[in-house]
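So the structure is just underneath, and the comments pick up after that.
Reminder, nothing fancy here: chain letters follow the sequence lines and each chain counts from 1.
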Amino acid sequence: MGGHVRPDLGVAIGDLRLKNPVTVASGTFGYAREFSDFFDLRKLGAIVTKTVTLKPRPGNPMPRTCETPAGMLNSIGLENPGIEGFINKKLPFLEELGVPVILSIASEGDPGEFVALAEAADSLDGVGALELNISCPNVSGKGRCALISQDPEQAAAVVRMVKKATRKPVITKLSPNVTDIASIAAAVEEAGSDAVSLINTLAGMAVDIETRRPRLANVTGGLSGPAVRPVALRMAWEVFRRVKIPVIAMGGITDARDALEFIICGATVVCAGTVNFVEPSAPAKMIKGIEDYLIRKKIPSLSELRGTVKA
Amino acid sequence: MKKREFRATVSDKRKVGPRHFLMRLDAKPLAGAVPGQFIMVRVTDTRAPLLRRPFGVHSVDGDVVSILFETVGTATGLLSRACRGDELGIIGPLGSGFSFSRVATRRPVLVAGGMGVAPLYFLAQRLTKRHGRSPLVLIGSRDKASVLREKDFRALGCEVKISTDDGSKGFHGYVTRLLEKTLAPGDEIFACGPKPMLRELCRMAAARRVPAQVSLEAHMSCGFGACLGCAVSTASGYARVCQEGPVFDAKELTWEGT
């Protein structure tokens, strides 16, 4: 590789082209504005928003977060301004950035809400793709799974409905709280999902031994941060081997080294998540670190690195 | 004021109470901080403890900023072992500060419960040095040994009254009972301390029709408005203690869920 030629960091999610593979995990970046003081947000490959529901949600009572060894638990409860509030108050700032915006959406009980949200988003030029946060209650009565993401048939049904409602690329976010994540991935791929993103948080809990009360008001919450990275990596790799659609990976990725580990195991896109709370400029450092590695290793593009783990 | 993520050098650290430390930092990006604001400090560059910890800005003298903290767990324990010359990762200045809109016409009464002295010292600094006001400062503590920064408030020119739960110094009882005896109709209250104290103080302020601003503490993960982990119930819904606060007008707080 010539000394003056920079490596090609470009990647694609369906029709959506990203200039580099780095984005942020939904819920760890708000709607971007809080990070604008820390680095030039236009550097990002894409921005994934905090999940939006049809109606505004106030979120759960406090405490909503607690630290755990090399990680944290959260039960924020999908506090968000609702789709109208997002369009009026959050989207304008995102549009100004000129970075692809991936809108995360969830239903509050009726899976039909996914369709309403997809229809509302379909006409928004500022939204480049949808991420389906299917770690929401499975109220259809079918199957014995608590969450849509735990049931391949329910997950596939939601994807089929959403694909009919929008022309934008659809990414399905997978939960790790399942026996076989690769089969959920296969089911949503078959249903038409353009990509899968994983992992969402691991179900977890913490208790204060002095008061005997759970540290979270909601009792249980989602574990994230470096503690989950080995689980996330194993799952990303299993899914990569099972499906042909791009894998968007997250779960304890804090720096370029972590990101490259996931790319080597098959990830097309990598997300900085919990680390954003600790080092708000982590995504920018990640982009540079990935580029430096490719230069150092004389690898001209990410496609030559992706999935090359010797296993 | 723009939030910055930067490294600050510890210029001084000293023990000022049984488990309490005062730490000075060379922190030029914080020179424009206002009383009531706080910083998020990274106590280690390793991954555990993972999250930063919030500390109120205790004083600002040029480029030197101080924090006052108590060692309550692993993170603050680690921080207490930092030495002069060590670098700490800082994010700040964060949050909303106290309002000075009434200080010209009302006597400022600063009410500190325990570690609540931390942000109130900076407030007293500004009130005395920039607004020509001498606040009355009430410091409430468990016992004599835990009374913090009394001499330093006096050195600013503040009148200081002490209350202790066990009566070992000053008024015997809660600082809110001391406030009840000293509060006058022309006062404005600025308070920081444990939730039960602030809740009772807000009730008293409303009953006496005296304006009050309270600085809340909260469990924080990010400290700059992104995670929504520090919500507090207000008259207009949940607000973020780290962004819309930590200073709130007493009338806004509903105390739901406390």
Side-chain angles (χ1 to χ4, degrees), chain A residues 24-25 27-39 50-51 56-81 85 215-217 221 223-227 229 252 254-255 258 273-282 284-285, chain B residues 1-7 29 40-54 72-76 89-95 195 216-234 236-245 254-258:
Chain A
V24 291
T28 67
F29 213 69
Y31 303 98
R33 192 188 278 276
E34 288 80 15
F35 286 82
S36 56
D37 281 354
F38 298 116
F39 69 97
K50 177 150 179 78
T51 298
R57 284 178 60 90
N60 285 339
M62 292 282 285
R64 294 174 170 183
T65 66
C66 78
E67 190 181 69
T68 56
M72 63 177 284
L73 288 169
N74 93 78
S75 61
I76 305 291
L78 294 187
E79 175 181 335
N80 79 93
R215 302 262 312 272
L216 300 173
L223 178 69
S224 65
R229 199 185 66 219
T254 65
D255 58 17
D258 299 337
T274 301
V275 68
N276 298 332
F277 299 151
V278 185
E279 284 179 50
S281 56
K285 294 195 192 111
Chain B
M1 212 203 151
K2 199 170 140 121
K3 296 174 244 172
R4 300 273 303 278
E5 182 192 351
F6 64 99
R7 316 263 304 161
M40 290 297 280
V41 177
R42 206 157 174 202
V43 305
T44 173
D45 286 336
T46 67
R47 298 299 178 200
L50 178 71
L51 302 173
R52 294 180 187 245
R53 298 300 197 263
V72 294
T74 313
T76 41
I90 309 284
I91 295 176
L94 298 169
K195 272 206 191 74
L216 297 181
E217 235 193 350
H219 254 97
M220 293 180 184
S221 296
C222 72
F224 52 88
C227 73
L228 308 184
C230 65
V232 64
S233 180
T234 73
S236 41
Y238 278 129
R240 294 165 293 188
V241 172
C242 72
Q243 189 94 327
E244 287 76 48
T254 69
W255 302 102
E256 245 169 67
T258 58

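There is no contact between Ser75(A) and chain B, counting heavy-atom distances below 4.5 Å. Of the two parts of Phe35(A), only the side chain, counted from C-beta on, holds a non-hydrogen atom closer than 4.5 Å to a non-hydrogen atom of chain B. For a residue to count as touching a neighbouring chain, one of its non-hydrogen atoms must lie under 4.5 Å from one of that chain's; by this rule Pro61(A) touches chain B with backbone and side chain alike. Neither the backbone nor the side chain of Glu256(B) comes within less than 4.5 Å of any heavy atom of chain A. With a 4.5 angstrom heavy-atom cutoff, Arg42(B) touches chain A only via side-chain atoms.
The minimum heavy-atom distance linking Ala48(B) with Ala70(A) is given by the pair CB-N, 4.0 Å. The nearest pair of heavy atoms linking Glu34(A) to Lys3(B) is O-NZ, 3.4 Å. Minimum interatomic distance between Gly229(B) and Thr65(A) (heavy atoms only, all atoms of both residues): CA-CG2, 3.8 Å. Across all non-hydrogen atoms, the minimal contact from Thr274(A) to Leu50(B) is CG2-CD2, 3.9 Å.
For Glu79(A), the CD atom sits in a packed shell: over 12 heavy atoms of surrounding residues, nucleotides or ligands are nearer than 6.0 Å. Applying the 6.0 Å contact sphere to CZ of Arg4(B) captures no more than 12 heavy atoms from other residues, nucleotides or ligands.
Considering CG of Asn276(A) and SG of Cys227(B), their distance stands at 11.0 Å, rounded to 0.5 Å. For the atom pair CZ of Arg64(A) and NE2 of His219(B), the computed distance is 14.5 Å after rounding to the nearest 0.5 Å. Taking CE from Met62(A) and SG from Cys230(B), the interatomic distance works out to 6.0 Å, rounded to the nearest 0.5 Å. Note: Arg52(B) CZ to Glu279(A) CD = 7.5 Å, rounded to the nearest 0.5 Å.
With chain A as partner, the option from Gly225(B), Ala231(B), Gly223(B) having the largest number of non-hydrogen pairs under 4.5 angstrom is Ala231(B). The candidate with the highest count of non-hydrogen atom pairs below 4.5 Å against chain A, out of Leu51(B), Ile91(B), Val232(B), Thr74(B), is Leu51(B). Between chain B and the options Pro280(A), Pro58(A), Gly30(A), the largest number of non-hydrogen pairs under 4.5 Å is found for Pro280(A).
In summary, of the residues considered (Asn74(A), Ile76(A), Asn80(A)), a side-chain contact (heavy atoms from CB on, under 4.5 Å) with Leu228(B) occurs for Ile76(A) alone.
Annotation: ring-ring contact (aromatic ring centres under 6.0 Å, His included) contacts of Tyr238(B) (sequence neighbours excluded): none.
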